[in-house]
Number of protein chains: 2
Amino acid sequence: MARAQTLSRNQQIVLDIIEKAKGPLKAYSILFNVQKKGIKAPQQIYRALDKLIGMGKIHKIESKNAFVACRSSDCEISKATAFSICESCEMVDEISDTKLSKYLSGFNHKKGMKFKRFNLEFFGICKKCKKD
Amino acid sequence: MARAQTLSRNQQIVLDIIEKAKGPLKAYSILFNVQKKGIKAPQQIYRALDKLIGMGKIHKIESKNAFVACRSSDCEISKATAFSICESCEMVDEISDTKLSKYLSGFNHKKGMKFKRFNLEFFGICKKCKKD
DNA sequence: ATAACGTCTGTTATAATATAACATATTTGA
DNA sequence: TCAAATATGTTATATTATAACAGACGTTAT
């Protein structure tokens with residue numbers, strides 16, 4: 001049985017940084033930010049990231065190779081993720097839309113494949129950037 | 001105005017390889033495959049890939065950093081992509097489902113952001129792999 | 001308690017993915 | 001035909017991610 005609640009030292013450090021950030025963080029940017037805390041190597045970051053993703057604490061934005069904190073308390077969300085991404089300022093917003101999530105979770109491939117998980121990324125220009 | 005129909009030499013070479021492949025191809029695997037045709041550097045591959053993506057001839061599978069040929073004649077599809085990915089055999093299938101596409105194209109963010117494009121990736125185990 | 005196990009850590013090295021920058025050639029269109 | 005846009009070739013380098021090995025730390029079953 002995996003430990004569901006407690007985070008290891010490195011996991012906590014990495015999660016803290018990601019949660020404090022305003023936007024998505026890249027692995028090496030996390031690394032530079034935690035070097036004062038004694039973490040020195042990419043491996044340490046990637047290991048923590050993997051575990052945090054597994055726990056649903058963070059998500060990877062695949063199109064950006066960057067990581068954001070999950071702001072939904074629902075654990076299931078890590079099997080059903082959707083994001084809104086601004087192509088101008090790089091802002092990422094997690095979309096929690098029950099209808100959307102249900103619609104996609106119920107979607108089945110014509111060829112009979114049963115889906116366990118999906119990731120959806122929307123792109124556009126956010127309100128803020130449109131004004132400029 | 002961009003040339004919509006004609007492909008340059010390198011673009012054609014890269015597209016040919018991707019179209020012939022059974023599954024998604026990675027950039028460096030494409031490179032190794034076309035070295036006999038005189039293409040020597042990653043740049044040449046990535047440049048061709050970028051253009052082909054822009055034309056909607058191929059798509060990038062973000063979660064795999066790999067590329068597949070578009071098998072839909074509809075150009076619009078490059079602004080609305082959906083894929084089915086087997087986590088066991090790595091097979092990727094492009095999903096062309098009008099309802100799904102319409103549903104997602106019509107989806108609007110609560111915060112007023114207008115989406116121009118989306119990419120959806122479903123994960124599971126394909127029929128073939130389930131048998132094994 | 002202690003041995004066995006699973007998990008986490010630290011570390012060095014290297015693989016895999018992608019872009020920068022510069023020089024030149026080719027195509028296209030006004 | 002000349003300017004602009006697009007494509008090419010090339011070298012170097014940046015960025016992202018994993019392999020492989022060694023050791024530490026906590027649980028828990030005996």
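FYI, side chains are in, hydrogens and waters are out, and symmetry mates aren't considered; it's all heavy atoms of this structure. Computed from a predicted structure; not experimentally measured.
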D/dT8 OP1/OP2 closer than 4.0 Å to side-chain N/O of B/Q44: no

Side-chain touch B/I45/B/V34, heavy atoms, less than 4.5 angstrom: yes

Any residue meeting salt bridge (charged side-chain N to carboxylate O under 4.0 Å, His left out) with A/R9, in chain and number order, not counting sequence neighbours: none

Atom-pair distance (CD1 on A/I45; P on D/dA19), nearest Å: 18 Å

Aromatic plane relationship, A/Y46 with A/Y28 - under 30° parallel, 30 to 60° tilted, over 60° perpendicular: perpendicular

Flag side-chain contact, heavy atom, 4.5 Å: A/L100 against B/L104: yes

Along DNA chain D (nearest heavy atom to each residue), the more 5'-positioned of A/K64 and B/K40: B/K40

Below 4.0 Å: OP1/OP2 of C/dT26 and any side-chain N or O of B/S8: no

Integer-rounded Å distance: C/dT17 P and B/F32 CZ: 9 Å

Side-chain heavy atoms of A/V68 within contact of A/F83, under 4.5 Å: yes

Residue whose nearest DNA chain D nucleotide is more 5′ - B/I39 or B/N65: B/I39

Co-membership, hydrophobic cluster, residues A/F123 and A/F118, 4.5 Å side-chain: no

Residue-phosphate contact under 4.0 Å: A/K60 side-chain N/O, D/dA17 OP1/OP2: yes

Side chain to side chain, B/C89 and B/C126, heavy atoms closer than 4.5 Å: yes

B/E121 and B/K64 ion-paired at < 4.0 Å: no

Under 3.5 Å, which protein N or O atoms sit close to an N or O of nucleotides 20-25 of chain D? Give each pair with its distance.
none

N/O (side chain, A/R9) to phosphate O (OP1/OP2, C/dT7) under 4.0 Å: no

Atom-pair distance (CG on B/D50; C1' on D/dA7), nearest Å: 13 Å

Protein-nucleotide distance (A/L52, atom CG; C/dC8, atom C1'), rounded to Å: 13 Å

Contact check, side chains of A/L49 and A/I18, non-hydrogen atoms, under 4.5 Å: yes

Rounded distance in Å - CG (B/L49) to C1' (C/dT19): 13 Å

Phosphate-side-chain proximity, B/Y46 and C/dT19, N/O vs OP1/OP2 below 4.0 Å: no

Those residues of residues 12-31 of chain B lying under 4.0 Å from DNA chain D by at least one heavy atom: none

Nearest-Å distance for atom pair CD1/C1', residues B/I61 and C/dT17: 16 Å

Phosphate-side-chain proximity, B/K51 and D/dT6, N/O vs OP1/OP2 below 4.0 Å: no

